[in-house]
Amino acid sequence: KNEVEQSPQNLTAQEGEFITINCSYSVGISALHWLQQHPGGGIVSLFMLSSGKKKHGRLIATINIQEKHSSLHITASHPRDSAVYICAVNRFGNEKLTFGTGTRLTIIP
Amino acid sequence: DAGVIQSPRHEVTEMGQEVTLRCKPISGHDYLFWYRQTMMRGLELLIYFNNNVPIDDSGMPEDRFSAKMPNASFSTLKIQPSEPRDSAVYFCASTQTGRGKGYTFGSGTRLTVV
């Protein structure tokens, strides 16, 4: 079993819909990251969380430390949001990232 | 800030040849990571450095792979001899301890070994 699990693996939605991507982890962590990768593109760091909630534009990330769960929400989704979203964690005392398998999001105009 | 700079962006080489990938981290970042991404295995850590010192190289596949960080502004990942199964996208990333702002990734090097 992977230490970091994401769901769903694939998600297709209509433009304007509210999107939720989930991440669960099974180890103690010091931080959780949400990353974005466009097709054929580089990797961009969206959020780094250790507690609570963060918001950047239409993107919101939340984390529940007790439940070992995080969600990434996209409001008013747009075709340019189509990308792979990757959840990754830092285990306690470790700077290296452990990655989930990613969620491929496709937003249809 | 120009971000993390990797070169080359694309590399096509013949099996058996030596390949060198290069990375310039963000100035002031004290951690540097080399990752490999494939369709089958996703993102995998190969090695990371702290203050130019290798900390964890357990992800380096075998003796054909080596990495160096001679100074705070430059790192190389070398594959010798290269094999078709090394074909992947190789990413370099850097971060700064305690900054709380996550990691910055380079644009990656797409390596094809034929």
Colleague: Under 4.5 Å between side-chain heavy atoms, counting indirect links through other Ile/Leu/Val/Met/Phe/Trp/Tyr residues: same cluster for A:Leu46 and A:Phe99 or not?
Modeller: no
Colleague: Please report the C-alpha distance between B:Thr95 and A:Glu95 in whole Å, then the side-chain angles of each, then the deciding distance to 0.1 Å, and finally whether the side chain to side chain contact (heavy atoms under 4.5 Å, CB included) criterion is met.
Modeller: CA-CA 9 Å; B:Thr95 191; A:Glu95 290 295 331; 4.2 Å; yes
Colleague: What are the two closest heavy atoms between A:Ile43 and B:Phe105, and how far apart are they?
Modeller: O-CB, 3.3 Å
Colleague: When only heavy atoms count and the cut-off is under 4.5 Å, which of residues 102-109 of chain A reach chain B?
Modeller: none
Colleague: Starting from B:Ile55, can I reach B:Phe33 by hopping between I/L/V/M/F/W/Y residues whose side chains sit under 4.5 Å apart?
Modeller: yes
Colleague: Same cluster for B:Ile5 and A:Val44 if Ile/Leu/Val/Met/Phe/Trp/Tyr side chains link at under 4.5 Å?
Modeller: no
Colleague: Heavy-atom distance under 4.5 Å to chain A: side chain of B:Gln37, backbone, both or neither?
Modeller: side chain
Colleague: Please check if atom CZ in B:Arg64 has more than 12 non-hydrogen atoms from other residues, nucleotides or ligands closer than 6.0 Å.
Modeller: yes
Colleague: Strictly less than 4.5 Å between heavy atoms, which residues of residues 78-90 of chain B line up against chain A? Please order them by number.
Modeller: none
Colleague: Under a 4.5 Å side-chain heavy-atom rule over Ile, Leu, Val, Met, Phe, Trp and Tyr, are A:Leu35 and B:Tyr35 clustered together?
Modeller: yes
Colleague: Is it the case that more than 12 heavy atoms not belonging to B:Glu62 sit under 6.0 Å from its CD atom?
Modeller: yes
Colleague: Got more than 12 heavy atoms from elsewhere within 6.0 Å of CG, B:Asn71?
Modeller: yes
Colleague: Start with the C-alpha gap between A:Gln37 and B:Phe91, add the side-chain angles, then the distance that decides, and say whether side chain to side chain contact (heavy atoms under 4.5 Å, CB included) holds.
Modeller: CA-CA 12 Å; A:Gln37 185 174 27; B:Phe91 287 100; 3.5 Å; yes
Colleague: Side-chain contact test, heavy atoms from C-beta onward, threshold under 4.5 Å: evaluate it for B:Asp56 versus A:Lys96 and give yes or no.
Modeller: yes
Colleague: Identify which part of A:Leu97 has an atom lying under 4.5 Å from any heavy atom of chain B, answering side chain, backbone, both or neither.
Modeller: both
Colleague: Is A:Ile86 linked to A:Ile74 within one hydrophobic cluster, defined over Ile, Leu, Val, Met, Phe, Trp and Tyr using a side-chain heavy-atom separation of less than 4.5 Å?
Modeller: no
Colleague: As an exercise, state the distance from CG of B:Leu43 to OG1 of A:Thr101, rounded to the nearest 0.5 Å.
Modeller: 11.0 Å
Colleague: Quick one: closest heavy-atom pair of B:Gly102 and A:Ser45, and the distance?
Modeller: CA-OG, 4.4 Å
